[in-house]
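The basis for the numbers below is simple: all heavy atoms, side chains too, and nothing from hydrogens, waters or symmetry mates. Note on naming: letters A, B, ... go to the chains in the order of the sequence lines (proteins, then strands), and numbering restarts at 1 for each one.
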Number of protein chains: 2
Amino acid sequence: MSIRIGILGYGNLGKGIECAIKHNPDMELVAVFTRRNPATVSILTEGVTVYSVEEAVNKKDDIDVLILCGGSATDLPEQTPKYAKLFNVVDSFDTHAKIPEHFDAVDAAAQEGGNVGIISVGWDPGMFSLNRLYANAILTNGSDYTFWGKGVSQGHSDAIRRIDGVLNAKQYTIPVPEALESVRKGENPELTTRQKHTRECFVVAEEGADKARIEQEIKTMPNYFADYDTTVHFISEEELKRDHSGIPHGGFVIRSGKTGWNDENSHIIEYSLKLDSNPEFTASVIVAYARAAYRLSKEGQSGCKTVFDIAPAYLSAQSPAELRKHML
Amino acid sequence: MSIRIGILGYGNLGKGIECAIKHNPDMELVAVFTRRNPATVSILTEGVTVYSVEEAVNKKDDIDVLILCGGSATDLPEQTPKYAKLFNVVDSFDTHAKIPEHFDAVDAAAQEGGNVGIISVGWDPGMFSLNRLYANAILTNGSDYTFWGKGVSQGHSDAIRRIDGVLNAKQYTIPVPEALESVRKGENPELTTRQKHTRECFVVAEEGADKARIEQEIKTMPNYFADYDTTVHFISEEELKRDHSGIPHGGFVIRSGKTGWNDENSHIIEYSLKLDSNPEFTASVIVAYARAAYRLSKEGQSGCKTVFDIAPAYLSAQSPAELRKHML
């Protein structure tokens, strides 16, 4: 019998979940819930109905795991606790600083409902977090480095679009190659924000807009760009669509550490991702953890979990014996 | 209170464990057991006694986790089940094909003793296995690649030393850069043994030995070298000691996979290690899993586990709340 999945929120991430379910034969999409008018939302999977989000509560018995695909700013802090009372849920809450309070809220709700809620699943937080944990537990004496990119930052692209005279924009975050090399060599550099990443912006300006002023506004924007070396390219809407319509991302988690009686030996642990589609990869991680949520719930567990609390074997469709035989 | 660790077997790995304990303040080395005459074994930690291996059973109540540092060929198949009846144990059993039967033997013994036995801990099997599992669970539609090196293969070095006229030797396994690049580009190459790794040998020959014959014997040795492009360098014992006395190793686990409704997006997950000291890194992984064995045992669990069965949080000295706050 398949694991029956519901998707709440059908944007890029929701669609990514739908695609990931197609790649996991032990799972089945049974419903999509939307805040839009369901009649206006067309999905890829044949025979699956799109419902209004208000209907979700009525589908409680038809869904093993409800995947919450809202945003971290306002949607998930409300949605994940709400639905964890009714369903096993997985979300990709990614506001790092607010994870402890989100955990507590989801934990209380999930305990109350007797469900499993897995939060902050994806690649950062998610696979990058796992790699930070493993590497820190192994090399207790060392330094951590996380680099992001090359990839599209939605938040930075949005910030540029809010500038007067800008029609459209895409921003890439790019690790500085020299910094990456120094870390890989075990030189343990202390790196400023500027030394770690550069930002590259592709901007479509209104006809007649003052490009020098726009470029200046971007480069001096506090928090977003002021602390970085930023390059701005003005291009046409056509070029933006043609060359920058993807949502690639990725990055590197590196830990460099010493072992030996007198710290005489150096080691580098590196984990990296190169992703054509940020939302589809994130969705693929979430779907693996949906399997874990289902299994943990079947075992009678409840409450909030993160990737740190879940044994790797729960993620795989293979049995523990198969995994030991083929993957260990 | 510290986690009290015993070491059984004081070779490179046992000494690595001793060093790793020094880097983990929540742990304490309480005894080393050896099959040699204990009087001939001097260790680094002051105030810790070296005992004959026969004494281990008498120290049952003084040790929380016994770490077994024997070899996989003959030591561990006998030792791990034997000691799992008496202690929580961790080993680094690395004969991949025999893991299922080793698991069953250790599981029966550990269940009988009410202990936790964690087997096959290290980097391959170990961290590489974990990364294969995570990457496969995420990218279900893809290909796996494991490359080893650049690093010293003890087995291959030993094989060269058994050749007539050879006094000493060190063999390095080296990934082929072009193969690695092709995999990283997502080209999904089908690679033969020869296309994945080369082998480089540093050989000290007896005076007057027939070097051409030795080189030929190495290059044509079945299983070890015949399927590889092998380079042989003859050097002096002095040069070998000066330039090749380390035990570096490392490698790469890469999964390349597709997502999207029509498999239109490609992703690369890469995990790599660059290790100055293979035994010290392996020991550092083992010590983190010794912490897990201790905690699982305290929770009342028993039986055999592998890295697949253990939630990451068990490895860290930090509390789950600290981990969520600082590492997620």
Side-chain angles (χ1 to χ4, degrees), chain A residues 16 18-20 22-24 44 96 99-100 103 120 125 127 129-134 136-141 184 186 259-261 265-277 280-281 283-285 288 291 306-313 315-317 320-321 323-325 327-328, chain B residues 16 18-20 22-24 44 96 99-100 103 120 125 127 129-134 136-141 184 186 259-261 265-277 280-281 283-285 288 291 306-313 315-317 320-321 323-325 327-328:
Chain A
E18 184 181 21
C19 295
K22 189 185 176 191
H23 286 96
N24 284 275
L44 300 164
H96 292 261
I99 286 174
F103 182 93
S120 301
M127 298 312 295
S129 323
L130 273 182
N131 277 280
R132 285 188 283 263
L133 192 165
Y134 278 118
N136 273 271
I138 295 166
L139 296 176
T140 57
N141 175 28
R184 281 186 180 139
T259 66
W261 196 251
N265 288 310
S266 295
H267 308 272
I268 306 281
I269 304 174
E270 175 171 341
Y271 179 80
S272 69
L273 296 174
K274 205 175 128 206
L275 313 175
D276 271 1
S277 165
E280 286 181 10
F281 187 83
S284 301
V285 179
R291 181 181 290 118
T306 76
V307 296
F308 294 163
D309 307 311
I310 295 172
L315 306 185
S316 172
L323 290 172
R324 284 193 294 272
K325 192 165 180 185
M327 245 177 250
L328 197 63
Chain B
E18 185 182 21
C19 294
K22 190 186 177 191
H23 286 96
N24 284 275
L44 300 164
H96 291 261
I99 285 174
F103 182 91
S120 301
M127 298 311 296
S129 322
L130 273 182
N131 277 280
R132 285 187 283 262
L133 192 164
Y134 278 118
N136 272 269
I138 295 167
L139 296 175
T140 56
N141 176 28
R184 281 188 182 138
T259 66
W261 196 250
N265 287 310
S266 296
H267 307 273
I268 305 282
I269 304 174
E270 175 170 341
Y271 179 79
S272 69
L273 296 173
K274 204 174 129 207
L275 313 175
D276 271 2
S277 166
E280 286 180 10
F281 186 83
S284 300
V285 180
R291 181 180 291 118
T306 75
V307 296
F308 293 164
D309 307 311
I310 295 171
L315 307 185
S316 172
L323 290 173
R324 283 192 294 272
K325 192 166 180 185
M327 244 178 251
L328 198 62

Sort out for me which of [options] touches chain A most, counting heavy-atom pairs under 4.5 Å.
options: B/Ser129, B/Cys19, B/Pro312, B/Ala137; answer: B/Pro312
options: B/Arg132, B/Met327, B/Arg184, B/His96; answer: B/Met327
options: B/Leu44, B/Leu139, B/Asn136, B/Val307; answer: B/Leu44
options: B/Ser272, B/Ala283, B/Ala321; answer: B/Ser272
options: B/Ser277, B/Gly186, B/Ala288, B/Ala317; answer: B/Ser277

Practice problem: Taking all non-hydrogen atoms of both residues into account, name the closest pair between B/Phe308 and A/Arg324 and its distance. | Solution: CE1-N, 4.2 Å
For [X], is it the side chain, the backbone, both, or neither that has a heavy atom closer than 4.5 Å to a heavy atom of chain B?
X: A/Asp309; answer: both
X: A/Leu130; answer: side chain
X: A/Leu323; answer: both
X: A/Ser266; answer: both
X: A/Tyr271; answer: both

Quick one: pull up [atom1] in [X] and [atom2] in [Y] and give me the separation to the nearest 0.5 Å.
X: B/Thr259; Y: A/Leu275; atom1: OG1; atom2: CG; answer: 9.0 Å
X: A/Asn131; Y: B/Asn131; atom1: CG; atom2: CG; answer: 6.0 Å
X: B/Leu328; Y: A/Thr306; atom1: CG; atom2: OG1; answer: 5.0 Å
X: A/Trp261; Y: B/Lys22; atom1: CH2; atom2: NZ; answer: 5.0 Å
X: B/Glu270; Y: A/Lys274; atom1: CD; atom2: NZ; answer: 9.5 Å
X: B/Ser284; Y: A/Asn141; atom1: OG; atom2: CG; answer: 10.0 Å

Quiz prompt | Donor-acceptor contact present, side-chain A/Thr140 to main-chain B/Asn24, <3.5 Å | solution =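 Pair absent, no side-chain N/O of A/Thr140 close to backbone of B/Asn24.
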Quiz prompt | Under 3.5 Å: donor-acceptor pair, side chain of B/Lys325, backbone of A/Pro100 | solution = no
Quiz item: Where do B/Asn265 and A/Phe281 land on the side-chain contact (heavy atoms from CB on, under 4.5 Å) test, with the steps shown first?
Solution: CA-CA 9 Å; B/Asn265 287 310; A/Phe281 187 83; over 6 Å; no
Exercise. I would like to know whether A/Met127 and B/Ile138 meet side-chain contact (heavy atoms from CB on, under 4.5 Å); could you show each step before the answer?
Key: CA-CA 10 Å; A/Met127 298 312 295; B/Ile138 295 167; 3.7 Å; yes
Practice problem: For the pair B/Tyr134 and A/Tyr134, name the ring-plane relationship: parallel under 30°, tilted 30 to 60°, perpendicular over 60°. | Solution: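 The arrangement is perpendicular - the two ring planes meet at more than 60°.
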Practice problem: Would you sort out whether A/Leu133 and B/Ser316 count as a side-chain contact (heavy atoms from CB on, under 4.5 Å), showing the intermediate values? | Solution: CA-CA 7 Å; A/Leu133 192 165; B/Ser316 172; 4.2 Å; yes
